[in-house]
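Below: the structure, in structure tokens.
Position 1 is the first residue of the sequence, and the numbers go up from there. Values below: all heavy atoms of this structure, side chains included; hydrogens, waters and symmetry mates excluded.
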Amino acid sequence: MTETVRAGYRVRASELEGRNWLNTGGKQLGLEDLRGKIVLLDFWTFCCINCLHVLDELRPLEEKYSDVLVTVGVHSPKFEHEADPVALAAAVERYEIHRPVLDDPELATWQAYTARAWPTLVVIDPEGYIVAHLSGEGHAAGLESLVSELVAEHEAKGTLHRGDGPYVPAEATSGDLRFPGKAVALPEGTFLVTDTGHHRLVELEADLSTVRRVIGEGTKGWRDGDAGTARFNEPQGLAVLPAAVAETLDYDVLVADTVNHRLRGVNLATGAVTTVAGNGVQRLLDAENQSEPASTDLGTDPLGTSLSSPWDVLWSTALGQAVVAMAGTHQIFTFDPATGATSILAGTGLEGLLDGDGDAAWFAQSSGLAQDAEGSIWVADSETSALRRLRFDTSAAGRPAVRVDTAVGAGLFDFGYRDGDASEARLQHPLGVAVLPDGSVAIADTYNGAVRRYDPATQTVSTLTRGLAEPSGVLVDSTRDEPLLVVVEANKHQLVRLPIPKEAQSVDEGARQTQRPKTAMEPGTVGLTVRFAAPKGQKLDDRWGDPTQLKISSSPEELLVSGGGTAVGLVRDLVLSDSVPEGVLHITARAAACDGEPGGEIPDHAACHLYQQDWGIPVVMQAGGETELTLDLRGLD
């Protein structure tokens with residue numbers, strides 16, 4: 001494999017086309033307005049956890065090169081709701097995106113730049129030519145090297161213009177809460193809320209509006225300490241520990257501190273905050289832990305363990321441990337506060353919808369957890385728009401075996417709004433779940449703006465209420481004479497109570513699929529090539545063999561006749577069935593590089609870097625279709 005895929009010609013960047021621009025003060029931008037700047041196009045969609053990771057990865061680079069680099073967020077929606085301009089504007093504010101954003105609901109610019117995955121990054125030089133095309137996370141160091149190179153080159157040519165970029169901040173939302181994430185009921189009848197947009201926790205009185213106290217300084221960051229000085233970074237899920245467990249610890253509540261990649265403990269009596277798990281380094285599915293089966297023990301040093309965007313947490317009575325929805329790696333973890341032990345409970349780390357034993361199942365950005373009377377755990381699996389369930393077999397000694405099944409949902413690109421039989425029902429990016437008194441499950445159907453109900457007895461889905469603004473969490477309030485639902489309405493910055501009706505509405509607005517273009521492929525042999533070039537100053541780490549790897553599968557399985565599985569190398573021949581009309585190719589590529597010059601030795605103690613990207617590529621089989629598929633893990637043009 002060559003060290004570079006730099007072409008011998010220059011490619012002019014395509015114009016930026018879309019519906020509208022955000023964060024520009026109303027100005028419609030074109031490439032000519034950005035001439036003289038290094039432009040970084042970040043193709044993203046606000047449902048995507050990997051895209052949110054990249055937002056944070058790029059912030060230091062944007063700050064360092066603020067006078068020469070303009071990052072443009074090209075919002076290319078996956079879900080129908082994400083094409084709503086109001087929802088996009090809320091997401092831009094929620095995630096504190098301080099850059100121009102192009103609203104591209106028809107994917108015009110996405111297709112012009114041949115993007116195939118979220119996130120995709122494209123670098124354009126000050127003269128308007130494409131110089132790099134990257135997919136996935138982990139490119140910050142390489143981008144910094146490239147930007148530095150471009151600055152020197154174009155300053156010498158006189159084509160670099162220093163000065164402010166086109167970003168104009170929008171007016172921020174104000175109020176007691178800002179994009180709240182989830183809530184739990186406290187023993188005194190109050191409610192503890194993750195005030196996600198303010199990076200803190202808020203305890204509300206029973207009226208759901210009066211603030212009793214605040215825990216956290218309200219500044220983005222990570223710091224342990226008392227209620228007035230501690231810092232969080234976009235906290236989401238909460239779990240109140242059983243009294244018998246809490247009395248052996250110095251905290252009562254676990255918090256999923258999402259962007260800090262940590263679990264925090266909160267002492268309700270004092271308001272003190274401590275870090276109980278996570279070292280703050282985002283966990284990546286590297287060559288070592290990618291092959292670890294579910295139930296793998298990750299050790300008893302919780303502060304030395306890497307996590308990845310924990311989104312929700314609950315206490316499992318079946319396991320006697322906390323269960324964590326690890327959205328960033330598409331897995332379910334456990335954490336034992338008594339011993340510090342952290343383990344993978346379910347999920348291989350591959351993104352998709354696949355049932356089975358815990359060590360074989362696939363999840364996709366699981367974001368909500370709830371436990372039923374039998375101890376089973378219900379999961380809001382947001383990117384597959386699915387309701388999943390973890391069942392435990394406690395008949396044998398030792399750790400219970402876990403089995404994963406799907407109650408509602410069809411796949412990574414299938415969503416919609418349909419009530420009725422669960423096999424045909426559809427959700428749209430749900431983020432929260434709660435078990436109702438009768439054993440049915442309430443679902444915060446976030447992008448449909450609804451609360452839905454799944455009845456396991458009849459295996460049907462109904463609607464409890466509609467017209468909500470991105471409900472992100474739901475819980476049962478049992479403090480009243482008649483149980484009520486408490487819904488966290490994120491985009492209205494409030495909590496609301498709703499009745500639990502005896503009969504639900506019935507809705508059918510159809511099932512949909514992501515309107516991402518499908519790639520027409522010729523049945524038979526298809527040559528797959530993933531291009532990768534190590535950044536300047538790095539070389540492939542081939543000390544122990546080929547440092548690259550492909551993992552390939554398909555949905556349905558019958559689509560891929562041969563070429564599936566895991567093997568080294570970034571080039572492979574696939575054979576696609578002529579009897580399956582369409583499906584999705586799931587491709588994971590990775591490459592390892594270390595600091596050092598090409599052709600030289602890797603220095604002792606050199607920093608090493610893993611580059612990885614997952615693609616889910618919708619394909620349709622047709623005569624005359626493509627027989628070659630080329631993807632960029634890190635490609636330079």
Side-chain angles (χ1 to χ4, degrees), residues 1 5 78 114-118 135-136 285 287 290-291 293-294 330 347-364 381 383-384 386 404-406 409-414 423 511 513-532 545-591 612-633 635:
M1 186 177 65
V5 290
K78 172 184 175 180
T114 64
R116 291 186 178 272
W118 296 280
S135 293
L285 292 172
Q290 170 72 21
S291 61
H330 316 295
T348 66
L350 291 174
E351 184 180 15
L353 191 151
L354 183 66
D355 292 339
D357 293 338
D359 60 0
W362 297 5
F363 294 89
D381 204 32
E383 279 294 280
T384 54
V404 180
D405 60 66
T406 298
L412 195 58
F413 299 105
D414 294 275
S423 63
Q513 285 192 324
T514 300
Q515 293 307 303
R516 175 177 161 184
K518 296 176 181 177
T519 301
M521 306 298 297
E522 174 89 34
T525 302
V526 171
L528 170 65
T529 301
V530 177
R531 303 193 299 176
F532 175 77
D546 192 332
T548 64
Q549 183 187 90
L550 283 175
K551 177 175 286 191
I552 301 173
S553 60
S554 67
S555 302
E557 294 181 8
E558 296 77 16
L559 172 65
L560 192 59
V561 177
S562 65
T566 303
V568 297
L570 295 178
V571 177
R572 191 181 303 182
D573 282 340
L574 313 180
V575 177
L576 304 183
S577 173
D578 60 2
S579 61
V580 177
E582 62 181 51
V584 179
L585 288 175
H586 302 280
I587 301 168
T588 299
R590 66 163 62 94
Q612 175 174 310
Q613 172 64 16
D614 298 320
W615 289 271
I617 300 180
V619 297
V620 58
M621 298 295 99
Q622 66 181 45
E626 299 289 337
T627 59
E628 300 288 336
L629 180 59
T630 301
L631 304 172
D632 282 310
L633 176 58

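- The side-chain heavy atoms of T114 and D632, taken from C-beta on, include no pair separated by under 4.5 Å.
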Solution key, residues 556-570 side-chain donor-acceptor pairs under 3.5 Å, sequence neighbours excluded:
none

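- Between E383 and K78 the shortest heavy-atom distance is O-NZ, 3.0 Å.
- Looking at heavy atoms from C-beta onward, E626 lies out of side-chain contact with E522 at the 4.5 angstrom threshold.
- Between the side chain of D381 and the backbone N or O of F363, no donor-acceptor pair lies under 3.5 Å.
- Of the candidates L574, V530, V619, L528, L629 forms a side-chain contact (heavy atoms from CB on, under 4.5 Å) with just one, namely L528.
- For the pair R116 and I617, the tightest heavy-atom approach, listed with the atom from each and the gap, is NH1-CG2, 4.5 Å.
- Distance alone, capped at 3.5 Å, is enough to place a donor-acceptor pair between the R572 side chain and the L550 backbone.
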Using the rule given for side-chain contact (heavy atoms from CB on, under 4.5 Å), can you reason through M621 versus E582, listing the C-alpha separation, both sets of side-chain angles and the distance that settles it, and then say yes or no? CA-CA 6 Å; M621 298 295 99; E582 62 181 51; over 6 Å; no
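- Tested against T406, the residues D355, L354, T384 include a single side-chain contact (heavy atoms from CB on, under 4.5 Å) partner, D355.
- One finds the OG atom of S553 at 3.0 Å from the CH2 atom of W362 (value rounded to the nearest 0.5 Å).
- Rounding to the nearest 0.5 Å gives a distance of 5.5 Å between CG of D359 and CG of D357.
- Using a 4.5 Å heavy-atom threshold, the side chains of L633 and S135 count as separate.
- Contact record, H586 with E351: ND1-O, 4.0 Å, taken as the closest heavy-atom pair.
- Taking all atoms of both residues into account, the shortest heavy-atom contact from F413 to G616 is CZ-O, 3.2 Å.
- Across all non-hydrogen atoms, the minimal contact from D546 to T548 is OD1-OG1, 2.6 Å.
- With no hydrogens or angles considered, no side-chain donor-acceptor pair links T525 and D573 at under 3.5 Å.
- Summarising the geometry, atom CG belonging to D614 is positioned 3.5 Å from atom OG1 belonging to T588; distances are rounded to the nearest 0.5 Å.
- Among pairs with a residue in residues 550-583, none fulfils ring pair (Phe, Tyr, Trp, His ring centres under 6.0 Å), at least two apart in sequence or across chains.
- Between P523 and S577, the closest heavy-atom pair is CB-O, 3.9 Å.
- Looking at Q613, its side chain does come within 3.5 Å of a backbone N or O of G136 through a donor-acceptor pair.
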